[in-house]
There are 2 protein chains.
Amino acid sequence: MAKRNDAPGDRISEAEHAVMEVLWENSPMSASDVCDRVCAQRDWSMPTVKTLLSRLVSKGALGTEPLGRKFLYHPLIERSDYVGTESRRLVDRLFGGRAAPLFAQLAENEALSDKDLDEIEALLREMRR
Amino acid sequence: MAKRNDAPGDRISEAEHAVMEVLWENSPMSASDVCDRVCAQRDWSMPTVKTLLSRLVSKGALGTEPLGRKFLYHPLIERSDYVGTESRRLVDRLFGGRAAPLFAQLAENEALSDKDLDEIEALLREMRR
DNA sequence: CCATTCCGACTACGCATGTAAACCTTTTAT
DNA sequence: ATAAAAGGTTTACATGCGTAGTCGGAATGG
């Protein structure tokens, strides 16, 4: 197996991730639209969002499609891929690649709601089949 | 509530984390001993390890205790705290704070061994009580 | 005692990141 | 048509991080 990186380029930083989130939620979007959403959460200015968009494009995480003279941005990598890669990174780094200790950790920190427990149980049962 | 950071200072970077790992495994240790262990895994040189140790000390993650003219380093923060904080960060950032989607993600990526499943099931049963 | 060695502290440096201003071109409104 | 607005590109800059060299003092060996 080769690199597990979907984007040919580098890693997506945390700030960049916030931008990705809004584009994953609502796909082809212009820079100003992205700014509207993102700047509502983080307190960023337009130039900041522009920079992040550019970096994501050069990292191969976003693609652009010209609409008139404007650009529409859309993700080139799947959210599930990103999330999967990041999750695995954490599990590898902190738990020697084993998921059970992670689960135990979350349990200990009371980070598991009843709903979580139910859903996990359901998933478990499903996987057993 | 204030800051969720255990160490009064800043975050522990990934390289720093590697140093913390060896000290969590074997607590009061001199810089050269740390270097021996760490440099076996990552390909670092002594100065690099020294730098990381210093940074960890100034971040409040490590304490030093003079032994002769040498220093012995030991963790000031618990591994479980660090691991817990990091896990929660990831869950918050990627899964809206819910653990079940993380679990689903790992399941989908086949990141769960049979052993993991067994252990998680056991934990689940235990928590239900 | 003097040279070598060991060690911690300080300095260095390039790259990523967070954050943003300046600039240039094109469109739009007056 | 001309000024203003909109949008993408370039440049900027401080901080953090990965990685490492140098310095100065203490210990040790001869």
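Keep in mind that what you see is a predicted model, and the values were worked out from it rather than measured. Here is the naming used below: chain letters follow the sequence lines, and residue numbers restart at 1 for every chain.
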Closest-nucleotide mapping onto DNA chain C: is B:Ala31 or B:Arg55 further toward the 5' terminus? I mean the 5' end. B:Ala31
Side chain to side chain, A:Phe103 and B:Glu119, heavy atoms closer than 4.5 Å: no
Rounded to the nearest Å, what distance is computed from the CZ atom of residue A:Arg11 to the P atom of nucleotide C:dA16? 13 Å
For a quick check of understanding: with a heavy-atom distance under 4.0 Å over all strands, which category does B:Ser30 fall into, base, sugar-phosphate or nothing? nothing
Between the protein and nucleotides 25-28 of chain C, are there any N/O to N/O pairs under 3.5 Å, and if so, what are the atom names and distances?
| unit_1 | atom_1 | unit_2 | atom_2 | d |
| --- | --- | --- | --- | --- |
| C:dT27 | OP1 | A:Arg69 | NH1 | 3.2 |

Heavy-atom check, side chain of A:Arg89 versus side chain of B:Leu90, under 4.5 Å: no
Would a 4.5 Å heavy-atom cut-off, applied to side chains only, mark A:Ile12 and A:Glu86 as touching? no
Tell me which nucleotide among C:dA20, C:dG8, C:dT17 gets nearest to the side chain of B:Phe71. C:dG8
Salt-bridge contact A:Arg128-B:Asp118 (side-chain N to carboxylate O under 4.0 Å): yes
To the nearest Å, how far apart are B:Lys70 NZ and C:dC6 C1'? 8 Å
Checking all strands, does A:Thr48 fall into the base, sugar-phosphate, or nothing category for heavy-atom contacts under 4.0 angstrom? base
Roughly, in whole Å, what's the span from NZ in A:Lys50 to P in C:dC23? 15 Å
Where chain A begins and ends its contact with DNA chain D, read 5' to 3' at 4.0 Å from heavy atoms: D:dG7 to D:dA12
From CE of A:Met46 across to P of C:dA21 the rounded distance in Å is 13 Å
For a 4.5 angstrom cut-off between non-hydrogen side-chain atoms, does B:Tyr73 reach B:Val19? no
Evaluate the side-chain proximity of B:Leu67 to B:Ser30: yes if any heavy-atom separation is below 4.5 Å, no if none is. no
Answer yes or no: does a side-chain N or O of A:Thr51 lie under 4.0 Å from OP1 or OP2 of C:dG18? no
Heavy atoms under 4.0 Å, any strand shown: does B:Ser45 hit a base, just sugar-phosphate, or nothing? sugar-phosphate
Whole angstrom is fine here: how far is it from CE in B:Met29 over to C1' in C:dG8? 18 Å
To the nearest angstrom, how far is A:His17 atom NE2 from C:dG18 atom C1'? 16 Å
Lys/Arg-Asp/Glu bridge criterion (N-O < 4.0 Å) met for A:Glu21, B:Arg93: no
Atom CG of B:Leu72 and atom C1' of C:dC7: how far apart are they, to the nearest Å? 13 Å
Donor-acceptor pair, distance only, cut-off 3.5 Å: does the side chain of B:Trp24 make one with the backbone of B:Ile77? yes
Quick one: does B:Leu53's side chain get under 4.5 Å of B:Thr64's, heavy atoms only? no
Value in whole Å for how far the C1' atom of C:dG8 lies from CG of B:Leu52: 14 Å
